[in-house]
Amino acid sequence: MVKKSALAICFLFVAVLLAISCAAPTPAPASAPAPAPAPTSVPAPAPKPNATPAPTTRAPAPVSTIDALYQAAKKEGAVTWCTQAQPLVQPLIDAFEKKYPGIKVSTFTLAFNQLPGRIITEQKAGSLTVDVATGTPTYVLPLLERDLMVGYDWTKISDVDPKAVVLDKRFVVLYDGPIVYVYNTNMVPKNEVPQKFEDLLSPKWKGRKIATTATGYPAYFLFQRWQTDPERVIGLVKRLRQQELLVGTDIRDLMNRVAAGEVPLVCGIATTLVEMQGKGAPVALCPISPTFNTPFGHYVPKDSPHPNAAKLLMAYVSSKEALPMWLAQGRGSATPCDASPMAKVLCDAGVKYMRLTTIKEANAINNFGNAVIAALGFPQ
Amino acid sequence: MRLGRPALMDARKIATGVAGALVIFLVIPPIGVLLFSTFRATENRLPFEATSFTLSNFSKVFASRVTYDLLLNTLWYAVGATALGLVIATVFAWFLERTNMPFRRALFVLTLLPMGIPGLVLSMAWILLANPTNGVFNVALRGLFGLETSQGPLNIYSVSGMILVTATRYVPIMYIMISGVFSRLDPSFEEASSTSGAGGWATFRHISVPLLSPALLAAVIYFFMMSIEVFETAALLGMPRDIYVFSTRIYYAVHPPQGLPNYGLASSYSVMILIAAIVLIYLYRRYVRHAERFATVTGRGYRPRLISLGKWRLVPVVLILGYSVFAIGIPFLMLVWKSLTLPYASISFSALLTFTSNNYRTMLSYQFLWIAARNTLVIGGATACLTMLLVTMVSWLSVRRGGLIPKVSEYLTFLILGVPGVVLALALIFIYASFPIGIYGTIWIIVLGLTTVCLPFGTRLMSAAFLQIHRELEEAAATSGAGLWNTFVRIVIPLLWPSFTRGLLWVFVRCVCDATIPLMLYAAGNQTIAVALWNLWNDLGDFPLASAIAVPLVLLSSGLALLVARQTMLVEGST
């Protein structure tokens, strides 16, 4: 009977699927974690606009240290990197595997605000699957509070700029993501482009003309002023709320909508702006300043399954050798002006920014962000 | 040796135990985590970290005026989407399953097409079409009527827009839930009504609808709960106008701009949804408690026949084509357009000259997409088979046997609708990371998660289908000596074949398109196509590439729908 044979096919299908899945790649087995060095605290300097000077030239790390690390990592055989979409990082993976044969890099992607919870849960269960993770300092604060990040002198095994090693040596900054306002050049004449934050409060920008995510980003430009006059700043933010912002869940989606001509202005990220300009999008930078730089970088969670391979991968992706590959993806430092196409765009517009380097600063910006979110009436 | 009644009762007890155990295994942990989280102080703490039990989550939710605004918005949205979807699905089901309208199989496929488009992509397509500033429809209407305005006349960012997109997206689900019972309706009831002098509409109202009411009611309550839970449409079309509903509020609780997800707050909102689910399933079970009232397939035998529409044969064709063009054809064409154009190209005739296959070549060149495709097929197939076999067994035992375990199992499978995907994923992560039985980080944990979320649909579908079949058919088999397994395979499944295969189809397509559970359980090596699409969209912002991935997904689900149509639809002259 047709129905009976179809049911039999169904069961056979399940059996075949089971057989196929046995050939599917499985996560690399966990190995005993190496003990992490004790973290040291560093006094936090006050944030200053464009405080980061040009990177210094460093001597290459001693070969014997990297060699020893490589040999240990080869025994582990694999490393798992939680990072951005694979096409972005594939050149780095290919180069790493070519330079260090015998170590297979697997990747997966998880939203920055979901990853710390996942790491904490897996740590608690004793089954951490992440060796190296991408994030921003504000999102890793829960891990710092629980002492779940490896602190290490990364300059020993990499020619990374020492100033890129932040948060008590637990986080290595790879590229910058300054928060900026972006406008559609077909919709906004040059003489109407907002030049300062208060220009956004003009009636001409009222009525879903400014797009933003439900975060503190739209008002990050007021962070310095908030430290001296919080009441006035919150007043300004409440006036911004009255402009009837167009709220979305994803910065990139909103920036695409500006490029598509749906909305004239968006609070976005400079890296995405430069990337979109490269693809011919009619978008440009509003010179509202000072802004805030969200540095993106990497860290190694404690008790990662492949600790030596994790350190080796961190060292490589932070190195000068990896820099051109990041630049090719539109990721780079925002300073000095010739560091990257994004840095040039910021310099040409005269935009200054603050960069977060310490735990104290990360907490401060988080507190400010919460106050802004409340003032803008976003869900909390 | 003939299998006697005592052996049959033992077999049923075993089946009840196994089905019940599986359901409890799948459903209790997420519900447990949800209820546990509700009473934990989870601000910047995960539920198992929080140091104290508290009622503060409840007071934040129930004492806040915002909650009641959310409730109103959510009810308005869910009731509207359900009503619109029900009307469309019922009309289509009646025409496609019961009449001799032409091109039935092709139109069946068209009706199911929206299933294959991921919610994110479909909502984005509608934004491109109907956003008030430069949506394609608005630009065309302004030009056509000479309107001197820069906004409108249409505005997709509204509750009406949310209702329209949600209803049209979920018409296939409702159709699947009710079409199986339509096709098995014994025409003698309607013939008796016509013979007694009742017209077509009176027959439909007083005969057909009551007989179909379990299926209609099952579809209504399932779809109502789905509308409360659906996120992408509510977020993309509601938030730009500050229209928040429960799903968007829960999203922000577990996707905060900084700090850890607040599972306690999210769970407290979800408790309200859970209570709604309990009330609805209780009312449903009260309504259908005398199952024999709804049985139309009996031992008497009947010959299903198609109702002749005479000269009106083309009317439903026009109706369904019109719906398909509007609800799916135009958005699908938008996806095809975007997949062939350059990034940021405007929608214009001149853009035709810049058409390129780059996005498809890029898609084909990505190795990780092939791995994701393989994972998706395995996950989809395994989940579909596991879900439908389990829900068929649970529904069969619940409708036929009754008793505490089957009834509780049926309740539990529906309650899972009240658990947000992120809470379900947290439960799975914690359990399977703590008990290393080798599935954490593999595709099998995703199969478990997706099976769990598909249980409500499956039990509603199969329970309604079982109510249509009189128990005398199975009792006749048992009297003739057939064991439980033989009865199930040779009597029950063939009678339920339309509903069963359509359920398989829907579960498979859902697994292909769903991103929520696979995203939360994502690890190296178990990526699915929906996750790849989401990550490409999020990290690369590449809507043309995302469209290039969505187009084959739609074509795949169309092919599967055609297969199911060939298997399950009556053709004229057949029985």
Side-chain angles (χ1 to χ4, degrees), chain A residues 1 3-4 7 10 13-14 17 20-21 24-27 80 84-88 106-111 113-114 116-118 120-122 124-127 129 138-139 141-142 208 214-216 246-250 252-253 255-256 259-263 272 279-282 366 369 373 379, chain B residues 44 46 48-49 127-128 131 133-134 235-236 239-240 242 244 249 251-253 255-261 342-344 346 366 368 371 374-375 378 381-382 385-386 426 429-430 433-434 436 440-444 489-490 493-494 497 520 522-525 527 535-541 543:
Chain A
M1 200 168 150
K3 309 294 190 289
K4 189 172 165 187
L7 202 59
C10 191
F13 183 53
V14 171
L17 293 178
I20 291 171
S21 72
T26 50
T80 302
Q84 291 158 306
Q86 193 146 347
L88 281 175
S106 304
T107 66
F108 70 101
T109 306
L110 205 55
N113 60 6
Q114 297 295 301
R118 171 91 158 252
I120 294 168
T121 306
E122 288 183 355
K124 193 88 178 172
S127 296
T129 57
T138 47
Y139 283 123
L141 282 176
R208 316 291 169 191
T215 61
L246 187 144
V247 181
T249 56
D250 184 66
R252 201 174 259 281
D253 165 43
M255 291 182 75
N256 277 341
E262 185 190 336
V263 190
T272 309
K279 291 180 184 172
N366 265 6
I373 288 168
Chain B
N44 282 319
L46 295 178
F48 48 79
E49 285 185 308
I127 288 172
L128 290 168
N131 78 73
T133 307
N134 65 349
L236 288 170
M239 281 171 53
D242 297 330
Y244 290 94
R249 190 61 195 85
Y251 174 84
Y252 275 109
H255 291 81
Q258 48 218 28
L260 289 175
L342 297 170
Y344 310 115
S346 59
Y366 283 156
F368 71 92
I371 296 173
R374 182 194 63 184
N375 288 343
V378 174
C385 293
L386 186 59
L426 178 72
I429 289 170
F430 194 68
S434 301
Y440 185 65
T442 72
I443 58 172
W444 298 105
V489 170
R490 297 177 68 180
I493 293 289
W497 194 242
M520 296 283 109
Y522 184 15
Q527 187 181 29
N535 287 331
L536 287 172
W537 170 238
N538 244 345
D539 283 339
L540 299 182
F543 190 62

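- Listed by chain and residue number, nothing satisfies the side-chain contact (heavy atoms from CB on, under 4.5 Å) test with A260(A) (two or more places apart in sequence, or in another chain).
- Within the model, atoms CG of D253(A) and CG of L236(B) stand 6.0 Å from one another, a figure rounded to the nearest 0.5 Å.
- A pairwise comparison of heavy atoms in S434(B) and A125(A) identifies OG-CB, 3.4 Å as the closest pair.
- The choice from Q84(A), K279(A), E262(A), K124(A) that makes the most heavy-atom pairs within less than 4.5 Å of chain B is E262(A).
- Closest non-hydrogen pair, L46(B) versus G117(A), comes out as CD1-O, 3.6 Å.
- Taking the side chain as every heavy atom from C-beta outward, L536(B) and P87(A) approach each other to under 4.5 Å.
- Contact of N366(A) with chain B is made through backbone and side chain together, with heavy-atom distances under 4.5 Å.
- When heavy atoms are compared at a cutoff of 4.5 Å, T107(A) approaches chain B solely by way of its backbone atoms N, CA, C and O.
- For a residue to count as touching a neighbouring chain, one of its non-hydrogen atoms must lie under 4.5 Å from one of that chain's; by this rule P116(A) touches chain B with backbone and side chain alike.
- Here the straight-line distance linking atom CG of L426(B) with atom CZ of R118(A) works out to 10.5 Å at 0.5 Å rounding.
- Most heavy-atom pairs under 4.5 Å with chain B, from the set G280(A), A214(A), G126(A): that is A214(A).
- Per-residue heavy-atom pair counts under 4.5 Å with chain B were compared for T272(A), V263(A), N256(A), T215(A), and the maximum is reached by N256(A).
- Counting heavy-atom pairs closer than 4.5 Å to chain A, the top residue among N131(B), I127(B), D242(B) is N131(B).
- The parts of Y522(B) that come within reach of chain A are both its backbone and its side chain, each placing non-hydrogen atoms under 4.5 angstrom from that chain.
- Among all heavy-atom pairs drawn from P256(B) and N113(A), the shortest one is O-ND2, 3.3 Å.
- A donor-acceptor pair under 3.5 Å is absent between the side-chain atoms of Y139(A) and the main chain of L260(B), judged by distance alone.
- Distance check, rounded to the nearest 0.5 Å: CE of M239(B) to OG1 of T249(A) gives 6.0 Å.
- Residue S106(A) comes nearest to A524(B) through the heavy atom pair CB-CB, 3.4 Å, listed as atom of the first residue, atom of the second, then distance.
- Of the listed residues Y251(B), Y366(B), F48(B), the one with more heavy-atom pairs under 4.5 angstrom with chain A than any other is F48(B).
- Closest of all the heavy-atom pairs between P257(B) and I373(A) is CG-CD1, 3.2 Å.
- Listed for the R249(B) side chain is no donor-acceptor partner under 3.5 Å among the backbone atoms of P379(A).
- Applying the side-chain contact (heavy atoms from CB on, under 4.5 Å) test to Q114(A) and every residue at least two apart in sequence or in another chain returns L110(A), A111(A), H255(B), P261(B), M520(B).
- Proximity to chain A (any heavy atom under 4.5 Å) is shown, for F430(B), by both the backbone and the side chain.
- The CD atom of Q86(A) sits 10.0 Å away from the CG atom of N535(B) when rounded to the nearest 0.5 Å.
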